[in-house]
Undergrad: 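One structure, as structure tokens, below. Some questions next.
Just so we're on the same page: letters track the sequence lines, and every chain starts at 1.
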Amino acid sequence: MAPPLVRVRFAPSPTGYLHIGGVRTALFNWLFARHHGGEFILRVDDTDQARNVHEALQPIMDGFKWLGIDWDEGPGMGGPHAPYFQSQRSDIYAEAVKKLLEAGHAYRDFSKPEEFAAERQAAEKEKRQFIYSRTWMAETDEDVKRFEAEGRESIVRLKMHREGKCEFHDLVRGDMSFEWRGEQDHVIQRKDGSCLYHLTSVVDDGAFEISHVIRAIEHLPNTPRQIFIAQSLGLELPIYAHLPFVAEPGSSNKLSKRKLDKYLKNRDFKVLYDHGEKIAEQIGFSASPETFNPVIVDFYREIGFLPDAIINYLLLLGWSLDDKTEDFTREAMIQDFSLDRITKAPASFDPQKLMSFQSRYMWRLDMDEKVEMVLPYLEKAGFAQTPASEETRSRVKSILEAANERISLAGDILDYSEFFQADHSLEYEEKAFRKRLVNAEAQRELLVKLRNILPGVEDFSAEHLDQILHTFVEEEGVGMGMIVHAIRVAITGKAVGFGLFEIMAIIGKDACINRIDRALKLVDQQQ
RNA sequence: GGCGCGUUCGUCUAGUGGUCUAGGACGCUGGCCUCUCACGCCGGUAACAGGGGUUCGACUCCCCUACGCGCUACCA
């Protein structure tokens, strides 16, 4: 059976984390494949990895799975072109090098690193373009013997064209043209026999029958040398599409994991990070910058983001359908995606806009889904048993209904810990306590009066409490504001929150009374 | 240095020679709603990097400059 017309790949290095920019690249590949009914392949670029590949790959695969980006071939999936780890494909690369050597498109180079470097430096000093003299190029067996007799060791270099142009069409950039003479005789094989990126990448793209290479723009200048390799090997050229990179918030520098400290100086970025850190602290997650960092996908999963929100946001980072559509379901984005609507300029990562997608997606969730999302946070923070009791679930549901748009991240449920704390251990915000109770004698008196009618309230529902409170203020001849704040602070410890009647109903009659009594007692003690 | 890519509101973007006194979204902001906060609603702010062409007409085409970024590795 003929392979499908579209086969694309994403080739991560096993670094131990999934970078948000990488996700965007993978997403575009994935969408392109799904749109065309093609295949998306994951290949592991581990040619240069000393570390434990399996361990370093797991977070990347977990990240993709969480985001709903699935691959048709690759680690964990197998496929007709296995293995999908470059570290296990050395023989294939060695074979390709041999072929290149035999055809005269590559040569053994016996230069010593310092000799080569000296040539380069000389060129730089004279401000002329460096082109290797090929002094130590060995093309015959005699050459090899001679150089080896000198005790030299060899690597393999590409014997690049030195005239003419490399022309190709890029689906995002248009027609591209590079002078061949601008290319170096790149090394493709080290003296220990291991091969370098350009070689392995091209060989695998060929072997996997990759139809379209969709990757970040930093690879654009690499394309001529890769085309050279592919042509020299007699491979069919893939179609290229180079994506703009994802930039730092408010800058055109490429987003990098290493610069967290710097990003934290950006206000919006810091807000996001602090929001996450607050949640992480409460669930006892140790926030190491290696994994807990807004350029890494794990960060978002840990604090309760929705994969769909992240994907939707990333989709619009360098791509748009028209001048207004912003919300895309998976089906819609697969349906509408096309490479020709990709932007050419770098797109900077905007934490605020990401957050606005997240909020919208969160609000739209069904109540049951929301409860399930939020429960693990309460469990980790010690506010609920695992598994949560029916009582806890129904309380959580009430809170979520009342809190409504106030919860954007699943971890935000921890902002409402007052509903899970014991009456005697509730903490009061000092400022609110002073303003609404200690320094508010009239309000306090009203609070005492109200407290005394609460025991007689049979129906403690929000609707009924609404009535009771309104009747109360009417009879007292005061505004609602005179009583609401005092109650809120007394029973939640906080100055702000959602509707007071809902709060009272959720906390319940006994607890409300207990908390009011306790608050009043604390006021006495302070005076 | 050489080569390449890019440049519309603070940010993501729409715009492919006249419909652009440049549209949408996020943000910011004024007001309304209101028991606080949030939501919601109504309104506001704000951009074609600069200079030359081409053209009756340029955000759109060409050239130059500036700025940013990338490649120029026995990294990927």
Undergrad: Under 4.0 Å between any heavy atoms, over every strand shown, what does A:His242 touch: base, sugar-phosphate, or nothing? Just pick one.
TA: nothing

Undergrad: Quick one: A:Gln358 CD to B:G27 P, roughly how many Å, whole number?
TA: 14 Å

Undergrad: Indicate, with a heavy-atom threshold strictly under 4.0 Å, whether A:Glu124 touches base, sugar-phosphate, or nothing.
TA: nothing

Undergrad: Take atom CD of A:Glu55 as the centre, draw a 6.0 Å sphere, and report whether it contains more than 12 heavy atoms from other residues, nucleotides or ligands.
TA: no

Undergrad: Assess, by modelled atom type and distance only, whether the side chains of A:Asp204 and A:Tyr93 contain a donor and an acceptor separated by less than 3.5 Å.
TA: yes

Undergrad: Quick one: label A:Arg128 by what it contacts on the DNA or RNA (base, sugar-phosphate, nothing), any heavy atom closer than 4.0 Å.
TA: nothing

Undergrad: For A:Phe498, report the nucleic acid contact type (base, sugar-phosphate, nothing); a contact means any heavy atom under 4.0 Å.
TA: base

Undergrad: Please classify the nucleic acid contact of A:Gly499 as base, sugar-phosphate, or nothing, using heavy-atom distances under 4.0 Å.
TA: base

Undergrad: Report yes if a donor N or O on one partner sits less than 3.5 Å from an acceptor N or O on the other, where the partners are the side chain of A:Arg406 and the base of B:C37; otherwise report no.
TA: yes

Undergrad: Could you tell me how far B:C59 sits from B:A49 if I compare only their C1' atoms? Round to whole Å.
TA: 12 Å

Undergrad: Strictly below 4.0 Å: does A:Arg43 bring a side-chain N or O up to OP1 or OP2 of B:A76?
TA: no

Undergrad: Would you tell me if any nitrogen or oxygen in the side chain of A:Thr343 comes within less than 4.0 Å of OP1 or OP2 on B:U13?
TA: yes

Undergrad: Report which part of the nucleic acid A:Leu317 touches: base, sugar-phosphate, or nothing (heavy-atom distance under 4.0 Å, all strands).
TA: sugar-phosphate

Undergrad: By nearest nucleotide on RNA chain B, pick out whichever of A:Cys195 and A:Met176 is the more 5' one.
TA: A:Met176

Undergrad: Go through the steps to decide whether A:Asn222 and A:Tyr197 satisfy the test side-chain hydrogen bond (donor to acceptor under 3.5 Å, both in side chains), and finish with yes or no.
TA: CA-CA 11 Å; A:Asn222 295 336; A:Tyr197 169 73; 5.4 Å; no

Undergrad: Quick one: is B:A14 close enough that its OP1 or OP2 comes under 4.0 Å of any side-chain N or O from A:Ser320?
TA: yes

Undergrad: When the P atoms of B:C9 and B:U60 are considered, how many whole Å apart are they?
TA: 14 Å

Undergrad: Report the distance from atom OH of A:Tyr132 to atom P of B:G2, rounded to the nearest whole Å.
TA: 25 Å

Undergrad: Can you check whether A:Arg267 has a side-chain N or O nearer than 4.0 Å to OP1 or OP2 of B:G10?
TA: no

Undergrad: By the 4.0 Å heavy-atom rule, please label A:Asp322 as base, sugar-phosphate, or nothing.
TA: sugar-phosphate

Undergrad: Under 4.0 Å, heavy atoms only, any strand: does A:Ala347 hit a base, just the sugar-phosphate, or nothing?
TA: sugar-phosphate

Undergrad: Assign A:Phe178 to base, sugar-phosphate, or nothing according to its heavy-atom contacts below 4.0 angstrom with the strands shown.
TA: sugar-phosphate

Undergrad: For A:Pro113, which contact category applies under a 4.0 Å heavy-atom criterion: base, sugar-phosphate, or nothing?
TA: base

Undergrad: Where the side chain of A:Lys344 is defined as all heavy atoms beyond and including C-beta, which of B:G23, B:G70, B:G6 is the nearest nucleotide?
TA: B:G6

Undergrad: Base, sugar-phosphate, or nothing: which does A:Arg436 touch, judged by heavy atoms less than 4.0 Å apart?
TA: nothing

Undergrad: Kindly determine whether A:Phe419 and A:Ser398 satisfy side-chain contact (heavy atoms from CB on, under 4.5 Å), including the steps that lead there.
TA: CA-CA 11 Å; A:Phe419 294 105; A:Ser398 308; over 6 Å; no

Undergrad: Is the phosphate of B:A76, meaning OP1 or OP2, less than 4.0 Å from a side-chain N or O of A:Thr47?
TA: yes

Undergrad: Just to be sure I understand the rule, does A:Leu500 reach a base, reach only the sugar-phosphate, or reach nothing, if contact means heavy atoms closer than 4.0 Å?
TA: base

Undergrad: Any base atoms under 4.0 Å from A:Asp268, or only sugar-phosphate, or nothing? Heavy atoms, all strands.
TA: nothing

Undergrad: A:Asn253 side chain N/O closer than 4.0 Å to the phosphate oxygens (OP1, OP2) of B:C69?
TA: yes

Undergrad: If you take any heavy atom closer than 4.0 Å to RNA chain B, which residues from residues 349-356 of chain A end up in contact?
TA: A:Asp350, A:Gln352, A:Lys353, A:Ser356

